[in-house]
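A short write-up of the structure that comes next.
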Amino acid sequence: MTTYLTSYDPSNGEPIGSVPVSTGEQITEAIVAAHSAAIAWQRLKIDERVKVLESSYAKLLPETDRLAELLSREMGKDIRRATGELGWVVHGGPHSAQSAGEALQSRKLGDCTRLEYHPLGVVAVISPWNYPLAMAGNLIVPALVAGNGVVFKPSEETPLIAREFVALLNQVLPPNLLQIIHGDGEQGKALVEGNVNMIAFTGSQAVGREIMARAASRLKRLVMELGGNDPMIVMRDADIERAARFAVASSFENAGQMCISTERIYVDETIAERFENRVAELAASYRVGPWNMAGVNIGPIINAEQHRKIVGHIRDAEAKGARVLLGGSEQPQRYIHPTVICDMTPDMLLEQEETFGPVVAISRYADIGEAIQRANASDYGLGAVVFGGTEAEAVADRLEAGMIGINQGVGGSGDAPWVGAKQSGFGFHGSPDGHRQFAQVRVVSCSSA
Ligand code: NAD
């Protein structure tokens with residue numbers, strides 16, 4: 001009997017569609033079919049594979065408005081942000097394909113050695129719900145350009161948009177090369193344990209650990225893009241207006257449901273009051289509501305469990321003596337109104353864990369050494385930012401993160417990798433080095449006959 005996975009509109013809890021959950025047999029069949037399809041795909045030259053990818057992404061363009069609306073309805077982000085994600089995917093996919101195509105060309109090392117990049121076989125792509133298309137595409141594109149087949153398991157929160165995305169790409173891709181399976185962690189486990197050669201995963205640290213343990217028996221390749229608990233340091237000579245604007249925008253983007261959102265802020269005590277007040281003022285101008293409400297910029301929280309977690313973090317901070325400048329733990333169902341909390345201390349969940357909600361959490365410091373120590377006192381190390389004057393570079397040098405922003409957000413321009421440090425992941429994507437993670441490097445050496 002077929003079981004169905006229902007997708008809900010997070011703004012009102014109403015069902016918007018469903019997909020059949022993949023059985024164990026279907027997951028195995030998808031992997032087998034992707035292996036077979038990859039044989040012919042691998043015979044194409046890389047440039048030909050890039051062209052096919054470009055043509056498949058071109059199918060998304062005329063569907064942008066329809067896809068953006070579905071993305072909004074299913075994930076909750078407002079239509080402007082959903083359209084932004086679509087724009088990024090439609091243009092970023094082909095760009096990433098071209099860049100992977102260049103990175104994966106054979107290279108000569110000296111006179112008699114050549115580096116070649118061969119396909120691995122089948123890559124399992126497992127993705128989260130917060131940027132359901134962007135996160136999936138980041139992993140699918142380099143995997144395919146490298147000559148692999150792909151079996152993709154989207155998040156159980158966003159199966160409908162993922163199904164549309166794959167259906168459009170598959171109008172051009174060779175049959176069976178890109179497979180989609182549906183379900184939750186159970187189907188994810190089955191995929192990880194199946195006959196796949198690599199697992200490219202974006203999601204939480206906890207699930208990353210489970211996947212790594214399961215992949216160990218056959219030493220499957222891993223790309224792990226995991227969660228973050230990004231710190232921000234605001235130094236005494238920082239531009240307060242600029243820092244406050246960044247703090248609010250970064251904490252509230254995508255309703256705070258972003259891996260690189262600012263989660264905790266350490267501000268020099270001499271400027272703290274001005275900074276905190278300005279943050280509260282800016283935060284108060286944010287509008288909460290469903291995706292299609294005019295002027296909305298904070299959508300619903302993805303599900304009740306995540307809502308409970310955010311409220312729990314705020315309540316914990318209140319109980320431990322935090323000052324609430326805006327919002328607080330009294331919240332309606334489904335939404336979190338913009339919240340600004342001061343006097344965060346190291347024993348609070350807000351400081352220790354990834355909150356993943358629209359909360360600005362601030363702590364004052366007297367000494368920059370203490371701020372750096374607290375910024376680094378985390379297993380996470382995805383992003384970190386510092387706002388300040390001439391000493392900001394020196395502070396940035398001491399921050400333990402894969403991506404650092406100085407007087408701006410993280411994430412480089414051009415073909416920079418998307419990379420975490422510590423337990424925020426490894427085996428990154430993006431950039432020539434990232435694309436090469438999806439291939440087997442072969443060193444071929446020969447002497448002239
Ligand atoms: P999640 O880890 O709960 O789920 C991610 C995916 O893993 C889903 O498809 C889920 O069904 C699947 N899954 C769950 N258990 C599994 C298992 N045992 N084996 C295999 N697959 C399994 O994460 P989420 O709630 O969807 O996403 C939010 C998290 O993702 C946050 O921690 C966020 O920071 C992180 N994230 C990181 C990045 C990055 O680039 N580093 C980007 C976006 C999101």
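The residues of the chain are indexed from 1 along the displayed sequence. Counting starts at 1 for both ligands and their atoms, in listed order.
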Side chains of Thr262 and Asp230: do they bring a donor and an acceptor to under 3.5 Å? no
Give the intermediate values and the outcome of salt bridge (Lys or Arg N to Asp or Glu O under 4.0 Å) for residues Asp343 and Arg323. CA-CA 6 Å; Asp343 300 345; Arg323 259 184 312 130; 2.9 Å; yes
Under 4.0 Å from a heavy atom of Ile211: give me the atoms of ligand 1 that qualify, with their elements. 19 (N), 20 (C)
Atom 11 (O) of ligand 1 sits nearest the protein heavy atom Glu156 OE1, 2.6 Å
Under 4.0 Å from a heavy atom of Asn130: give me the atoms of ligand 1 that qualify, with their elements. 43 (C), 44 (C)
Protein contact to atom 2 (O) of ligand 1 [nearest heavy atom, distance to 0.1 Å]: Ser204 OG, 2.6 Å
Are any of the N or O atoms of Met258 closer than 3.5 Å to those of ligand 1? no
Shortest protein contact, atom 40 (O) of ligand 1 (heavy atom only): Trp418 NE1, 2.8 Å
Salt bridge (Lys or Arg N to Asp or Glu O under 4.0 Å) between Glu210 and Arg214: does it pass, once the steps are laid out? CA-CA 6 Å; Glu210 269 196 55; Arg214 277 209 171 73; 3.2 Å; yes
Return the residue, atom name and 0.1 Å-rounded distance of the protein heavy atom closest to atom 5 (C) of ligand 1. Phe201 CE1, 3.8 Å
Quick one: nearest non-hydrogen protein atom to atom 18 (N) of ligand 1, plus distance? Glu210 OE1, 2.9 Å
Just going by heavy-atom distances, which of Gly188, Ser127, Pro128 is nearest to atom 8 (C) of ligand 1? Ser127
Would you say CZ of Arg398 has more than 12 non-hydrogen atoms from neighbouring residues, nucleotides or ligands within 6.0 angstrom? no
Any idea which atoms of ligand 1 are less than 4.0 Å away from a heavy-atom of Asp184? 11 (O)
Quiz item: cation-pi between Lys77 and Tyr131, 6.0 Å / 45°: yes
What residue and atom, counting heavy atoms only, is the protein's closest point to atom 31 (C) of ligand 1, and at what distance? Glu354 OE1, 3.5 Å
Kindly state if atom 34 (O) of ligand 1 has a protein heavy atom within a strict 4.0 Å cut-off, that is, under 4.0 Å? yes
Heavy-atom gap Ser155 to ligand 1 smaller than 4.0 Å: yes
Examine Phe252 together with Tyr286 and report whether their ring centres are nearer than 6.0 Å. yes
So which protein heavy atom does atom 12 (C) of ligand 1 come closest to, and at what separation? Ile126 CG2, 3.7 Å
Check this for me: Gln105, atom CD, are more than 12 non-hydrogen atoms of other residues, nucleotides or ligands nearer than 6.0 Å? yes
Select the closest option to atom 30 (O) of ligand 1 among Ala134, Gly402, Gly203, Cys259, judged by heavy-atom distance. Gly203
Under 3.5 Å, is there a donor-acceptor pair linking the side chains of Ser431 and Asp433? no
Run the numbers for me: atoms of ligand 1, each under 4.0 Å from some heavy atom of Met135, listed by number. 42 (C), 43 (C)
Is Met212 atom CE crowded by more than 12 heavy atoms from other residues, nucleotides or ligands, each under 6.0 Å away? no
Ile126 and side-chain contact (heavy atoms from CB on, under 4.5 Å): which partner among Leu139, Val151, Val192? Val192
For atom 13 (N) of ligand 1, what is the nearest protein heavy atom, given as residue, atom name and distance? Val207 CG1, 3.7 Å
Are any of the side-chain heavy atoms of Gln437 and Phe426 separated by less than 4.5 Å? no
Would you check the N or O atoms of Thr202, main chain and side chain alike, for any that come under 3.5 Å of an N or O of ligand 1? no
Does Glu370, at its CD atom, have more than 12 non-hydrogen atoms belonging to other residues, nucleotides or ligands within less than 6.0 Å? yes
Show me which atoms of ligand 1 lie under 4.0 Å from any heavy atom of Pro154. 9 (O)
For atom 24 (P) of ligand 1, which candidate among Trp129, Tyr131, Phe356 holds the nearest heavy atom? Trp129
